[in-house]
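Note sheet for the following structure.
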Amino acid sequence: MKFEFELNLNDYRKSAYMGLALSLRKTFRIFTTIAGASAAILVCGLLGFCPLYSLPGSLLLLYCIWLAIVFVRAEFTIRKTVQSETSLINQPTIMTFTDEEMTMDVPSRDFHINMPLAEIWAVYETDQLFDFYIHPSRTILLPHSAMTSEERDALRSLFGRKLKERFVTSFGQKSATKRKRFF
C-alpha cells in the first residue's frame, strides 16, 4: 500500500498531546485525584461544612500552575519542531507498506526510513491518524485523510497480524489490543 500526503500542524499537535498524555498518564491521574479532593474540601470549607484549611486551596493552585507549565512547554516544543529546518510538516511525504516493512520518504528534506514492521515499537490509531512509535520518543504520523476507509481497514488488519499487542486502536479490530499501555 502506498500513501502520499502532507502532514499538517493540527495532526502533529494532536499526536504531540497524545504522547504527552501517555507519558504523563500516572501523573495526570494523581493530579486529578488530589485536585478533585482539594476542590471538594475547599468548597465544603467555603460552605461551612468543615473548617477552611489553606492547604487544599494551595495544592489546587500549585497543581493548576504545574498543569499550565506542562501545556506551555508542550506548545513551545511544538513550535520549535515546526520551525526547525528539518521539520517534516507540510512536506510531500510518501509512505509504503508491505507485509514485512514500512518505508517513508520525504524527498524535499532528503529523509528516508526503511523499517521492518517487527521493529516498530508501537502503533496507536486515533480518530484521525496512525501514530508509529519507531522508538519510545520518536514518532511517524500517517493521517487518515491520506487513505480510503478500505485502506484504513487493510492497515488495521496488517498491524493486528504483524504487531499484535503493539497495535492499539479503538476501532473494533479484534486482533488489536484496546488501551494497552506502553509507557
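Both backbone and side-chain heavy atoms feed into the values below; hydrogens, waters and symmetry mates do not. In this chain, numbering begins with 1 at the start of the sequence shown.
Met95 is not listed as a side-chain neighbour of Asp105, based on a closest heavy-atom distance of 4.5 Å or more. Under the 4.5 Å side-chain criterion, counting only non-hydrogen atoms from C-beta, Met115 is not in contact with Met104. Contact of the Met102 side chain with the Leu117 side chain is registered, since non-hydrogen atoms from C-beta on lie closer than 4.5 Å. The side-chain heavy atoms of Leu88 and Leu141, taken from C-beta on, include no pair separated by under 4.5 Å. Inter-residue side-chain proximity for Glu125 and His144 is flagged as met; some heavy-atom pair is nearer than 4.5 Å. For the pair Phe130/Phe167, a side-chain contact is recorded, criterion being any heavy-atom separation below 4.5 Å from C-beta on. Counting heavy atoms from C-beta on, the side chains of Leu61 and Tyr63 never come closer than 4.5 Å.
Considering CG of Leu67 and OG1 of Thr32, their distance stands at 8.5 Å, rounded to 0.5 Å. Separation of atoms CZ (Arg166) and OH (Tyr133) is listed at 15.0 Å; rounding is to 0.5 Å. Phe31 contributes atom CZ, which lies 5.0 Å from atom SG of Cys64 (distance to the nearest 0.5 angstrom). In this structure, Leu129 CG and Leu142 CG are separated by 8.0 Å, a value rounded to the nearest 0.5 Å. One distance of note links CG of Asn90 with OG of Ser108; it measures 10.0 Å at 0.5 Å rounding. In this structure, Asp11 CG and Ile89 CD1 are separated by 9.5 Å, a value rounded to the nearest 0.5 Å.
Judged purely by atom type and a 3.5 angstrom limit, Asn8 uses its side chain to pair as donor or acceptor with the backbone of Asn10. Side-chain N or O atoms of Thr77 include one that pairs as donor or acceptor with a backbone N or O of Arg73 at under 3.5 Å. Within the 3.5 Å criterion, the main-chain N or O of Tyr124 finds no donor-acceptor partner in the side chain of Thr126. Between the side chain of Thr33 and the backbone N or O of Arg29, at least one donor-acceptor pair lies under 3.5 Å. Between the side chain of His112 and the backbone N or O of Val106, no donor-acceptor pair lies under 3.5 Å.
Thr148 pairs by the side chain to side chain contact (heavy atoms under 4.5 Å, CB included) definition with Glu150, Glu151, not counting sequence neighbours.
Taking a cutoff of 4.0 Å between a charged side-chain nitrogen and a carboxylate oxygen, Glu100 and Lys162 qualify as a salt bridge. A salt bridge does not link Glu85 to Arg109: none of the charged nitrogens lies less than 4.0 Å from a carboxylate oxygen. We find that Lys14 and Asp131 are not joined by a salt bridge, their nearest charged nitrogen and carboxylate oxygen being 4.0 Å or further apart.
Under the 4.5 Å side-chain contact rule for hydrophobic residues, Leu46 and Phe49 do not share a cluster. When the side chains of ILVMFWY residues are joined at heavy-atom separations under 4.5 Å, either directly or via intervening members, Ile94 and Ile120 end up in two distinct hydrophobic clusters. Leu62 and Leu42 fall into different hydrophobic clusters, where Ile, Leu, Val, Met, Phe, Trp and Tyr are joined by side-chain heavy atoms under 4.5 Å apart, directly or via other members. Note on Val123: it clusters hydrophobically with Met1, by side-chain heavy-atom contacts below 4.5 Å among ILVMFWY residues.
Centroid-to-centroid, the aromatic rings of Phe132 and Phe159 come within less than 6.0 Å.
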(Q) I'd like to know whether Val70 forms a side chain to side chain contact (heavy atoms under 4.5 Å, CB included) with Trp66, so could you lay out the CA-CA distance, the side-chain angles of the two residues, the decisive distance to 0.1 Å, and finally the verdict. (A) CA-CA 6 Å; Val70 166; Trp66 171 79; 3.6 Å; yes
**Q.** side chain to side chain contact (heavy atoms under 4.5 Å, CB included) assessment of Gln91 paired with Glu6
**A.** CA-CA 5 Å; Gln91 300 298 316; Glu6 289 185 16; 5.9 Å; no
(Q) Using the rule given for side chain to side chain contact (heavy atoms under 4.5 Å, CB included), can you reason through Phe97 versus Leu155, listing the C-alpha separation, both sets of side-chain angles and the distance that settles it, and then say yes or no? (A) CA-CA 9 Å; Phe97 294 90; Leu155 276 180; 3.9 Å; yes
Q | side chain to side chain contact (heavy atoms under 4.5 Å, CB included) assessment of Ile140 paired with Ile113 | A | CA-CA 10 Å; Ile140 292 176; Ile113 186 169; 4.0 Å; yes
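Taking the six-membered ring where tryptophan is involved, the planes of Phe28 and Phe71 are essentially parallel, since the angle between them stays under 30° and well short of 60°.
Minimum heavy-atom separation, Arg156 to Thr169: NE-OG1, 4.4 Å. Shortest non-hydrogen contact noted between Phe5 and Ala146 is CB-CB, 3.6 Å.
Residue-environment remark: CG (Asp99) exceeds the threshold of 12 foreign heavy atoms within 6.0 Å.
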